[in-house]
Amino acid sequence: MSIASVLGKVFSGISRAFAFARVTLANLLVVLIVVLVVMVFVSGTGRVEVSQGSALLLEADGAIVEQAGGQDPLALLTGASFRETPLRDILSAIDKARGDDRVDALVLDTSPLGYVAPAQLEVIGNALEAFRGGGKTILAKSDFYNRDQYYLASFADEVVMHPLGEVALTGYGTYRNYYGGLLDKLKVNIHVFRVGTYKSFVEPYTSTGMSEAARQANRAMVDRLWSSFAERVAANRGLEAARLVAYADQYDDLLRDTGGDTARLALDYGLVDQLLDSEALSKRLNELTAGENSFAHVTLGGYVDPYLPPLFGTSVAVVPLTGTIVMGDAPRGFIGADTVARLLADLRDDPQVGAVVLRIDSGGGSAFASEQIRAEVARIQNQGIPVVVSMAGTAASGGYWIAATADEIWAAPTTVTGSIGIFAIVPTFEETLAELGVNRDGVGTGPFVGALDPIGGVGDAMARALQSNVEYGYRRFVDLVAAGRGLASEHVEAIAQGRVWLGVDAREHGLVDQLGHLDEAIASAAALADLDRYQIRYVEEPLSTQEILMRQFLDGIGLEPTAGGPHRTLGGVLLRELGQLGSLNDPQHLYALCETCPGRY
C-alpha cells in the first residue's frame with residue numbers, strides 16, 4: 001500500500017458526521033433566515049449622518065478575526081463564537097475618526113468583546129494611542145473587565161465601571177485535556193510518528209499530562225505574554241508593572257482587605273477612574289458629546305467605510321489566510337490549498353498587481369497543502385513580484401511553512417510563530433474490538449497490504465515507512481526555512497524541533513525579519529516593488545449566498561456561549577478537537593500543526 005493512500009478514511013467518519021450536522025442545522029434555520037432577510041430589507045442598511053461633536057461608539061462584538069467567514073451553526077455545540085468583528089473594520093474606523101472633525105471622542109464598550117489574540121490587542125492599542133495623540137478623548141465603559149477587555153480599556157483617558165463590577169486580570173496560561181488514560185482503558189492504540197522535541201500536538205492522545213519539553217516552551221511563552229501585557233497596561237495607567245502583577249497574583253488577599261468589594265478594589269488600585277451605574281453613565285456620555293440630553297454617537301457598523309476593490313492602478317494585493325490548512329477547496333475559516341492556489345495564480349497573471357502581502361493567521365495543518373501554497377508563492381516571486389508575509393495572532397507550523405521563503409516576514413512582538421516540526425498520528429482499534437470478541441484476519445501479497453488499517457493496526461513495515469516520510473518532511477521544512485531566511489541549517493535545527501516562539505524572540509533567531517503589523521508590511525511590500533503610488537486590494541474567496549445568509553442570521557439573533565456554556569464543558573471541548581481532527585486530510589498524513597493555537601491561553 002502506498003503511503004499516499006493512507007489514513008484519510010480514519011477521520012472520514014468524523015468529517016461526514018460533522019458535515020451532516022452542519023447541513024441539518026442549516027436546513028432547520030432556513031425559515032428563520034428568510035425572516036431575517038425580510039427584516040434587513042425593511043430596516044435598510046444606509047449610512048448614518050454624523051453630527052458635529054459626536055463620539056464613535058466602538059463595540060467590538062464577539063471574536064476579533066482577520067477574515068470574516070461564513071458562520072457555522074455547529075459552533076454553538078463546540079463553544080466557538082458566532083459573532084465576529086474583522087480587525088480591519090476596527091482599525092479603519094479608529095483611523096477615520098482620528099481625522100474626522102465631527103468626531104470629538106471615542107467610547108470603547110468592551111463588554112461584547114470575545115476572543116482576541118495578543119497581537120491583535122497590540123495593534124488595536126496602537127490605534128487607540130494614535131487617536132488620543134490627536135487630542136481626542138477616549139472613554140472605556142463596561143460592567144466587568146476581563147484580561148483582554150481591560151488591556152484595551154487601559155488606553156482610555158477615563159475608565160468607568162459599574163459599582164458592582166470587577167476587573168479580573170487572570171494572567172496567561174495554556175491548558176489542554178489529555179486523553180491518554182481514557183484511550184488506554186478503551187485499548188485504543190495511538191501510533192505517533194514525529195520529529196521535534198517540542199512537537200507536542202499529539203501529546204493529549206498519548207499521555208496523561210504535559211511533557212517537560214512542552215512545559216518548558218509553554219512556560220516561556222506565557223511568561224513573555226504576561227510580562228508584555230503587564231508592562232504596557234501598567235504604563236497606560238501610570239502604575240508599576242510589579243503592582244499590576246501583584247493585583248493578579250494576590251487578588252484574594254487584596255479583596256479580603258476591601259470586604260469583598262471588587263469594584264472598590266479596582267478603584268482604589270487605580271485600575272478604574274469612576275464607578276457609575278447606568279443612569280450616571282448615561283449622564284456622563286451625554287456630557288462627553290454635543291448632543292442635547294442625549295448621547296450623540298455613531299456606531300462601528302454605521303461609520304466604517306465599506307471596502308471597495310480598486311478598479312484601476314497598481315495595487316498591493318493583501319491575501320488573508322485564516323484557519324487550518326487543508327487539501328483541496330475550502331470555505332473561509334479554512335485555508336484550502338486549491339482555493340488559495342487559484343487566488344495566487346490570478347494575482348501572478350494580473351498586470352495591476354505590483355506586490356503581494358499574505359496576512360497569515362494559522363496554526364498550520366496539512367504539510368502537503370502548505371507546500372502547495374508555498375510553491376505558488378514562489379511562482380509569484382519568480383515573476384518579479386515581491387511577496388511579504390504579515391503574521392497575525394498565529395503563524396506557526398504550516399503557517400510558517402507558507403511564509404518560509406517570502407521576501408520578508410513581519411510579525412507582531414506577541415505573534416505565536418515557529419513550531420517547525422512534522423508529525424503523523426494514526427489511531428487503531430484492534431485491541432478494543434478484541435475485547436468485544438472481534439478479530440481481523442486475512443491474507444495479502446505484501447507487507448503493506450492492510451498495514452494501515454484502523455481495525456487491524458499498523459504493520460512494522462508501514463511504521464518504518466511513515467517515520468521515514470516524517471523525517472524527510474522535517475528535513476524539507478528545515479531546508480526551506482534555511483534557504484528562505486538565509487540561515488545555516490544547523491541554526492534552524494537548533495531553534496526548530498517544533499518549538500513555538502513569540503514574534504519578538506523569532507526576530508532574534510532570524511525566523512522573522514521585522515516586528516510590525518499589517519500596515520508596515522504593506523508599506524514594505526510597496527517599497528520592495530518601487531511603488532510610489534498604489535492602492536490596497538484585499539483578495540479573498542467570496543462568501544456564497546448561503547454563507548452570507550447564515551452569517552446575517554446568526555449575527556442577528558445575538559446568540560453567544562456564556563461563561564459557563566458549552567466551551568467550558570468536556571463535551572464542547574471534545575467536539576471542537578474532534579472537529580479539528582476530522583478536517584485533517586493530508587494524503588500522506590503528515591501535519592505541521594501548532595499545539596498552541598488561538599484561543600488556548
Side-chain angles (χ1 to χ4, degrees), residues 1-17 178-208 211 325-328 364-371 397-398 421-478 497-498 577-578 580-593 595:
M1 177 185 291
S2 168
I3 295 176
S5 67
V6 281
L7 194 69
K9 57 186 177 182
V10 170
F11 297 122
S12 63
I14 296 173
S15 299
R16 286 195 297 270
Y178 288 81
Y179 306 109
L182 172 64
L183 294 174
D184 284 345
K185 290 180 179 180
L186 296 175
K187 295 188 179 298
V188 176
N189 292 321
I190 303 295
H191 307 270
V192 172
F193 311 90
R194 67 175 179 175
V195 178
T197 303
Y198 300 94
K199 201 65 185 171
S200 57
F201 183 91
V202 299
E203 286 184 3
Y205 311 104
T206 60
S207 307
T208 58
S211 69
I325 303 168
V326 298
M327 297 292 295
S366 162
F368 193 97
S370 301
E371 172 57 18
S397 279
I422 299 285
F423 72 88
I425 180 170
V426 180
T428 61
F429 307 92
E430 66 275 18
E431 293 185 21
T432 307
L433 293 174
E435 286 289 307
L436 301 175
V438 178
N439 295 291
R440 194 166 182 81
D441 197 5
V443 297
T445 59
F448 292 99
V449 179
L452 196 60
D453 189 331
I455 297 177
V458 176
D460 292 340
M462 178 57 78
R464 290 191 296 271
L466 279 172
Q467 184 61 38
S468 294
N469 204 12
V470 167
E471 291 172 1
Y472 172 78
Y474 178 72
R475 291 195 303 272
R476 168 74 171 162
F477 198 168
V478 169
Q497 296 293 322
E577 293 182 354
L578 286 174
Q580 183 181 29
L581 288 174
S583 70
L584 302 180
N585 62 353
D586 188 283
Q588 294 181 308
H589 315 295
L590 300 185
Y591 297 100
L593 260 171
E595 71 281 1

Point to revise | T428: side chain to side chain donor-acceptor pair (under 3.5 Å) partners, not counting sequence neighbours | key: H191, E430

Check your understanding: Considering residues at least two apart in sequence or located in another chain, which fulfil the side chain to side chain donor-acceptor pair (under 3.5 Å) criterion with S211?
Key -> E203

Considering non-hydrogen atoms only, spot the tightest contact between [X] and [Y] and give its length.
X    : Y    : result
V470 : F193 : CG2-O, 3.7 Å
F423 : V202 : CD1-CG1, 3.4 Å
T432 : K187 : OG1-O, 2.9 Å
V326 : S366 : CA-CB, 4.5 Å
A465 : F448 : CB-CE2, 4.1 Å
S370 : G398 : OG-CA, 3.5 Å

**Study point:** Interatomic distance, D184 atom CG to T206 atom OG1 [nearest 0.5 angstrom]
**Key:** 9.5 Å

Review point. About how many Å separate CG of N189 and CG of L186, when rounded to the nearest 0.5 Å?
Key: 11.5 Å

Review point. Can you find a pair of side-chain heavy atoms, one from F429 and one from V188, that are under 4.5 Å apart?
Key: yes

Practice item. Applying side chain to side chain contact (heavy atoms under 4.5 Å, CB included), run through L433 and I455 and close with a yes or a no. Key: CA-CA 8 Å; L433 293 174; I455 297 177; 3.4 Å; yes

Exercise for review: Would you confirm whether Y205, through its side chain, and V426, through its main-chain N or O, come within 3.5 Å as a donor-acceptor pair?
Suggested key: no

Check your understanding: Do any N or O atoms from the side chain of S207 and from the backbone of G180 form a donor-acceptor pair under 3.5 angstrom?
Key -> no

Practice item. Name all residues meeting the ring pair (Phe, Tyr, Trp, His ring centres under 6.0 Å) criterion together with F477; count only those two or more places apart in sequence or in a different chain, and write none if there are none. Key: W401

Practice item. Go through the steps for Y472 and R475 under the test side chain to side chain contact (heavy atoms under 4.5 Å, CB included), then give the verdict. Key: CA-CA 5 Å; Y472 172 78; R475 291 195 303 272; 3.8 Å; yes

